[in-house]
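Here the structure is laid out as structure tokens; the discussion comes afterwards.
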There are 2 protein chains.
Amino acid sequence: MPVRIEDVARAAGVSTATVSRALRGLPSVSTDTQETVRRVASDLGYVVSRSASSLATGKTLTVGVVTPYVRRWFFATAIEAVERELRGVGYDALLVGVGEPMTGDVAPFRPEVLQGRVDGMVILTAPLTGQEMDGVRRLAVPTAFVGVAVSGTMSVRVDDVAVGRTATEHLIALGHRRIAHVGGDPEDQLNYTTPLDRRAGWLSAMRQAGLEPPPWYGETSDFTAPGGHRAMQRLLALEEPPTAVFAASDEIAFGVIRAAREAGLGVPGDVSVVGVDDHDLSETMGLTTVRQPVFEQGQVAAQLVLAVIAGDSSRRHEHVLAETRLVCRTTTAAPADTSP
Amino acid sequence: MPVRIEDVARAAGVSTATVSRALRGLPSVSTDTQETVRRVASDLGYVVSRSASSLATGKTLTVGVVTPYVRRWFFATAIEAVERELRGVGYDALLVGVGEPMTGDVAPFRPEVLQGRVDGMVILTAPLTGQEMDGVRRLAVPTAFVGVAVSGTMSVRVDDVAVGRTATEHLIALGHRRIAHVGGDPEDQLNYTTPLDRRAGWLSAMRQAGLEPPPWYGETSDFTAPGGHRAMQRLLALEEPPTAVFAASDEIAFGVIRAAREAGLGVPGDVSVVGVDDHDLSETMGLTTVRQPVFEQGQVAAQLVLAVIAGDSSRRHEHVLAETRLVCRTTTAAPADTSP
DNA sequence: CTGTTAGCGCTTTCAC
DNA sequence: GTGAAAGCGCTAACAG
């Protein structure tokens, strides 16, 4: 039923080889035939069979986008960026979910299934096991990680230690001393250093200011608003609750703020909150945050793998660090009680 | 470099045909050889070439997921659902962005490029032009729409008129009379009836209660918080601002609430707000909303196309309507001034 | 510049 | 139950 290259060849009065060349714009075709073939092909509504072409060339014109979530803002934004970048140059995005890494309620990621299906991969801060990492390497296609640096391949991310430090220093500069942190669970590492790094940044800034925080100021949660909400409730139950909270993501921060308000505390009157990301809703919510350019990181990751696919092996090990910056809005202020 | 079927055949001492059969579990293979082949294949790390297999069978084991956005909650959630459903049965999700439909800053969707690349499609409330729709039909693969009913194929959605009515009736029941609506732009239709339907539901409920709203109570915006924010600012500048707002999405509602609070109005003290969706953050924000099961809609859409692909043509024209329900939280209350 | 001829790696009749 | 051989639709040498 579909039009094959042979139909075009016949209709144009040339060989299939010539049609193939003409359609791909190879130089070794006269402008005339090129034009004729193009017209005939378009008239016939011909479109090359990807499987046949892939089988013959070994290229798939497809890049795998592996991600643990798509519902969370960070991932959704990065995915959209990657997809656009790929589509812009005629590549397809094969979306590969790796399941809830924390709960394992989905079959594990088996990189082998991508064998021969993709020319490259963009992996979004997926907490991969060692096995999975090996599998990824074995695929031997250009691969860029977003959000975490992996040696031997490409990556684009932000300096999460600096992020934690920036947020915390902002709070300290405002005069806060009892500054808590609500971050990701360090147990769930698996090559996923973001939660650890942000926490480290917090600790480092605190210590540098001579403010060793008690262990119970280091709360953990998943990266969701309900998680932040619960964590904040625990913090508020302490004898000496914090006057400021550095949340490891804006979504956590939303939950933290909610818990504070439910407890009758004003934000930023009684407690200041700063997040990380600059989520789509953060401006609307007035959230002070450390902004990271997520869309851009996705774009760059896609560009990197496309470049290496295209043969620019000089970038094969490139690690790019995106800029972050504090965006002050209305959830942080000096503490009510400024005296020591 | 990669292991081919022939390698497995040789190692197992059988023909490639037998390997092919054994690996696919065809009945016409003795249990013994089946087992041997399986083991050898796994030992060798063999994985069938998708392009070769597709070329030979005509099936791609891939379904296209076409969407105008991935960053917006509704789409991200549906995409995640579809991807999981597909992966669960060994199908791949090919993510296809159709660009900002409103601004046209991205190349138009050309369904032909999916020719022969997918066995089916799930199309997420994408405002397709007539041309694009024709292209989709011409692909002649099982296709399910999410969020909009399209005749001649499958769909899963909610009754948006009922949604609008439910939200509005809730406000009316609380005693509100000056109820405005902030919805999507009716200009941007293109088979995308959601904004129109929700608006129609609002109007219908109002009229049924004998409350013909003035035209300027029918505000429009895109489906974002900033859009809702701007729309609410316009509403608040009216001589007689509304005491309640029905926002066509939770994201719009967040913006509306923000604008109200910035104007010094309490929510729900001075103005009530109800949204639609039950966005991930709505519970945390305490937003009253008309919940729609987005994840489930995505699942069902995927199941439908998988079923038809699998040969169950009885569902080829199935239209499923998902349930919605009002979730009362803390952004709606009786108006301050209950007197007429 | 263009045509001929092999495959790419798998599946599928058709025999046995 | 298993093998031989003929494609699936395209691209890549190799001639000319």
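Because the structure is predicted, anything quoted here is derived from the model rather than measured. Every chain is numbered from 1, with letters handed out A, B, ... down the list of sequences.
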Sequence neighbours left out, cut at 3.5 Å: what donor-acceptor pairs do the side chains of residues 133-140 of chain B make with other protein atoms?
unit_1	atom_1	unit_2	atom_2	d
D134(B)	OD1	R137(B)	NH1	3.3

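- Spacing between atom CZ of R10(B) and atom C1' of dT2(D) amounts to 18 Å, rounded to whole angstrom units.
- The nearest whole Å value for the distance from the CG atom in L55(B) to the P atom in dA6(D) is 17 Å.
- To the nearest angstrom, C1' of dC8(D) lies 18 Å from CZ of R50(A).
- Using a 4.0 Å cut-off, no side-chain N or O of S15(B) falls inside it from OP1 or OP2 of dA4(D).
- Heavy atoms of V14(A) sit under 4.0 angstrom from primed sugar atoms or phosphate atoms, though from no base atom.
- First and last contacting nucleotides of DNA chain C toward chain A (any atom under 4.0 angstrom from a heavy atom, 5' to 3' order): dC1(C) to dG9(C).
- No option in M154(A), R316(A), M121(A) other than M154(A) meets the side chain to side chain contact (heavy atoms under 4.5 Å, CB included) test with P142(A).
- T33(A) and S30(A) share a side-chain donor-acceptor pair at under 3.5 Å.
- DNA chain C lies under 4.0 Å from at least one heavy atom of each of the following residues of residues 21-39 of chain B: R21(B), R24(B).
- Qualifying salt bridge (Lys or Arg N to Asp or Glu O under 4.0 Å) partners for E6(A), counting only residues two or more places apart in sequence or in other chains: R10(A).
- Each of T57(B) and G13(B) was matched to the nucleotide of DNA chain D holding its nearest heavy atom; the match closer to the 5' end belongs to G13(B).
- Each side chain to side chain donor-acceptor pair (under 3.5 Å) pair with one or both residues in residues 54-65 of chain A, not counting sequence neighbours, appears once here: T60(A)-D119(A).
- Proximity of a side-chain donor or acceptor of T153(B) to a complementary backbone N or O of T143(B) within less than 3.5 Å is detected.
- Seen from the ring of Y69(B), R72(B) counts as a face-on cation partner, given the 6.0 Å and 45° thresholds.
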Give every donor-acceptor pair under 3.5 Å between a side-chain atom in residues 39-50 of chain A and any protein atom, sequence neighbours left out.
unit_1	atom_1	unit_2	atom_2	d
S49(A)	OG	A52(A)	N	3.1
R50(A)	NH2	L61(A)	O	3.3
R50(A)	NH2	D92(A)	OD2	3.0

